[in-house]
Amino acid sequence: MRTAWVTMLLTSAVLSIPVPAAAQSPGEVFRKVTPSVVVIRAKGSEVTAGGQVRFLETGSGVLVSADGKVMTAAHVVHSMNEISVEFLGGETVSAKVIASELAADLSLLQLERVPAGARVARMTNSDTVRVGDPVYIVGAPYGLSYSLSAGLISARWAPNTVYKTMPLAEFFQTDATINTGNSGGPMFNAAGEVIGIVSHNISKSGGSEGLGFVVTMKTAQALLLQKKSFWGGLDGQILTDDLADLLNVPNNMSGFLVKSVAKGSPGDEAGIRGGTKVVTIDGQQVVLGGDIILSIEGVPASSAANMMKIRDHLSGLKPGSELKTTVLRAGKIVELTGVVP
């Protein structure tokens with residue numbers, strides 16, 4: 001009698017362990033989500049010691065709205081000239097960046113059209129994700145479209161704790177395999193819901209055996225859908241005091257040295273110019289010949305804090321609003337006027 005009572009108690013305890021009703025097998029998750037996953041191929045150009053060269057970038061992304069918005073990683077598309085998005089089955093459409101946040105490695109694309117058969121991914125509250133939860137990444141590692149990797153959530157990192165260059169990003173750390181080409185792709189939970197956007201991995205060898213980092217969906221939704229971080233299409237660097245002195249920036253000011261400008265971007269439309277040659281200064285390669293932005297809308301482009309203020313201001317402007325930019329070009333101060341798209 002005692003044995004039967006113990007058996008019944010243990011059976012009851014096992015049955016009471018909560019199992020997510022929506023949990024699915026890896027194969028089921030993969031088949032469910034692939035119509036929402038895309039492969040991104042982008043064309044860009046950059047200045048090297050040998051002159052200007054063209055290059056290709058391959059990444060991944062995920063369709064998040066019925067009107068054709070796709071989330072991806074900023075480093076895949078931010079300053080690229082042409083972007084194409086490939087869906088399951090091979091149909092490819094053009095896209096353009098409409099929001100981007102380098103400080104979190106996130107960008108939002110707008111498709112020219114949405115192919116028949118494409119499916120909008122379901123996003124979920126990433127705050128509910130816990131260390132140890134199973135996760136799945138679908139993307140195009142090394143350009144091999146629609147590859148699945150599986151793993152666990154290894155850790156969670158608050159903004160400005162992992163990378164000072166990406167202070168706005170809250171990260172999941174995962175042991176799911178991340179390779180070149182996975183960047184920008186979605187990470188799913190066991191129910192097939194998007195919980196993050198793949199950023200990168202850290203590896204001593206350059207392979208996939210290192211630590212994988214994925215920007216949480218909480219961060220992605222806040223910066224791309226709710227706040228919609230302004231995209232100017234510019235790539236460059238804030239000048240150090242020494243560089244500012246060497247480049248004769250006036251009045252003890254600093255500025256943002258423009259390295260490249262994406263074709264058709266707000267920066268391009270405003271007439272901002274990118275660099276033309278590479279020089280070595282104190283052992284560091286610097287792209288010169290482009291504009292040095294001194295201020296945008298009256299705010300000096302002299303520090304990371306000020307660049308954040310500029311970004312927040314521009315994000316709040318209505319489409320069609322004028323943008324005033326002051327640049328140093330060939331030793332002369334030039335005033336440029338652009339328009340918020």
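Counting heavy atoms of neighbouring residues, nucleotides and ligands inside a 6.0 Å radius, atom CZ of Arg122 does not exceed 12 of them. Heavy-atom contacts from other residues, nucleotides or ligands closer than 6.0 Å to NZ of Lys69 number more than 12. For Asp67, the CG atom counts as densely surrounded, since its 6.0 Å shell holds more than 12 non-hydrogen atoms of other residues, nucleotides or ligands.
Looking at residues two or more places apart in sequence or on another chain, you find a side-chain contact (heavy atoms from CB on, under 4.5 Å) between Leu314 and Phe230, Ile296, Glu297, Ile310, Leu317, Leu323. In terms of the salt bridge (Lys or Arg N to Asp or Glu O under 4.0 Å) criterion, Lys96 has no residue partners (sequence neighbours excluded). Every residue two or more places apart in sequence or in another chain that forms a side-chain contact (heavy atoms from CB on, under 4.5 Å) with Ser94 is listed here: Glu112.
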Checking side chain to side chain contact (heavy atoms under 4.5 Å, CB included) for the pair Val114/Val120: CA distance, chi angles, key distance, verdict?
CA-CA 10 Å; Val114 180; Val120 176; over 6 Å; no
Walk me through it: do Leu257 and Leu288 pass the test side chain to side chain contact (heavy atoms under 4.5 Å, CB included)? CA-CA 8 Å; Leu257 178 62; Leu288 297 183; 3.9 Å; yes
Walk me through whether Ser107 and Ser100 qualify under side chain to side chain donor-acceptor pair (under 3.5 Å). CA-CA 4 Å; Ser107 286; Ser100 191; 2.6 Å; yes
Which side-chain N or O atoms in residues 331-341 pair as donor and acceptor under 3.5 Å with protein atoms at least two apart or in another chain?
{"unit_1": "Glu335", "atom_1": "OE1", "unit_2": "Thr326", "atom_2": "OG1", "d": "2.8"}
{"unit_1": "Glu335", "atom_1": "OE2", "unit_2": "Thr326", "atom_2": "OG1", "d": "3.3"}
{"unit_1": "Thr337", "atom_1": "OG1", "unit_2": "Lys324", "atom_2": "NZ", "d": "3.2"}

Donor-acceptor contacts, no H, no angles, side chain residues 217-228, under 3.5 Å, sequence neighbours left out:
{"unit_1": "Thr219", "atom_1": "OG1", "unit_2": "Glu170", "atom_2": "N", "d": "3.3"}
{"unit_1": "Thr219", "atom_1": "OG1", "unit_2": "Thr216", "atom_2": "OG1", "d": "3.2"}
{"unit_1": "Lys227", "atom_1": "NZ", "unit_2": "Asp312", "atom_2": "OD1", "d": "3.2"}

Could you list the donor-acceptor pairs under 3.5 angstrom formed between side-chain atoms of residues 235-252 and any protein atom two or more places apart in sequence or on another chain?
{"unit_1": "Thr240", "atom_1": "OG1", "unit_2": "Leu243", "atom_2": "N", "d": "3.2"}

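Side-chain atoms of Lys32 come within 3.5 Å of backbone N or O of Ala191 as a donor-acceptor pair. Remark: the backbone N or O of His75 is paired with a side-chain donor or acceptor of Asp105 at under 3.5 angstrom. Not a single donor-acceptor pair under 3.5 Å links the side chain of Tyr163 to the backbone N or O of Ala169. Panel note: side chain Asp133, backbone Ile153; no donor-acceptor pair is recorded below 3.5 Å. Using modelled atom types, no side-chain atom of Thr280 and backbone atom of Gly283 make a donor-acceptor pair closer than 3.5 Å. Side-chain atoms of Ser60 never come within 3.5 Å of backbone atoms of Gly139 as a donor-acceptor pair (strictly under, hydrogens ignored). Looking at Ser36, its side chain never comes within 3.5 Å of a backbone N or O of Val64 through a donor-acceptor pair. Put simply, the side chain of Asn125 gets close to the backbone of Asp127: a donor and an acceptor are under 3.5 Å apart.
Linking Ile, Leu, Val, Met, Phe, Trp and Tyr residues whenever their side-chain heavy atoms come within less than 4.5 Å leaves Ile83 and Ile197 in two separate clusters. In the hydrophobic cluster analysis, where Ile, Leu, Val, Met, Phe, Trp and Tyr join through side-chain heavy atoms closer than 4.5 angstrom, Ile40 is grouped apart from Val37. Linking ILVMFWY residues whenever their side-chain heavy atoms come closer than 4.5 Å, directly or via other members, places Leu108 and Val62 in the same cluster. Under a hydrophobic clustering in which Ile, Leu, Val, Met, Phe, Trp and Tyr are joined whenever their side-chain heavy atoms come within less than 4.5 Å, directly or via other members, Ile98 and Met123 fall into the same cluster. Residue Val129 is grouped with residue Val198 when hydrophobic side chains (ILVMFWY) are merged at heavy-atom distances under 4.5 angstrom, including chains of intermediate members.
Taken from CZ in Arg156 to OG in Ser126, the straight-line distance is 5.5 Å, to the nearest 0.5 Å. The CG atom of Leu168 lies 4.0 Å from the CE atom of Met308; values are rounded to the nearest 0.5 Å. The structure places CD of Glu91 at 10.0 Å from CD of Glu86, a figure rounded to the nearest 0.5 Å. In this structure, OG in Ser149 is found 6.0 Å from CG in Asn182, a value given to the nearest 0.5 Å. Atoms CE and CG, on Met307 and Leu102 in that order, are 9.5 Å from each other to the nearest 0.5 Å. To the nearest 0.5 Å, atom CE of residue Met71 and atom CG of residue Leu109 are 11.0 Å apart.
Looking at heavy atoms from C-beta onward, Thr58 lies out of side-chain contact with Leu56 at the 4.5 angstrom threshold. Within the 4.5 Å cutoff, side-chain heavy atoms of Ile293 are placed close to those of Val258. By the 4.5 Å heavy-atom criterion applied to side chains, Ser260 and Glu46 are not counted as neighbours. Counting heavy atoms from C-beta on, the side chains of Tyr136 and Pro26 come closer than 4.5 Å. For the pair Ser265/Val97, no side-chain contact is recorded, criterion being any heavy-atom separation below 4.5 Å from C-beta on. Residues Met253 and Leu294 form a side-chain contact, since some pair of their non-hydrogen atoms from C-beta on lies under 4.5 Å apart.
Between Gly298 and Pro300, the shortest heavy-atom distance links the atoms O-CD, 3.6 Å. The shortest non-hydrogen separation linking Thr92 to Ser84 is CG2-CB, 3.7 Å. Taking both residues in full, the closest heavy atoms of Ala118 and Leu63 are given as CB-CD2, 4.0 Å, listed atom of the first, atom of the second, then distance. Nearest heavy atoms, Leu234 versus His78: O-NE2, 3.0 Å. The nearest pair of heavy atoms linking Leu148 to Val138 is CD1-CG2, 4.0 Å. In this structure, Ser199 and Phe171 approach most closely via the heavy-atom pair CB-CE2, 4.0 Å.
For the pair Glu82 and Arg54, the salt-bridge criterion is not met [side-chain N within less than 4.0 Å of a carboxylate O]. Using a 4.0 Å cut-off between charged nitrogen and carboxylate oxygen, Asp291 and Arg273 do not count as a salt-bridge pair.
Aromatic ring pairs are classed by plane angle as parallel below 30°, tilted from 30° to 60° and perpendicular above 60°; the pair Phe213 and His200 is parallel.
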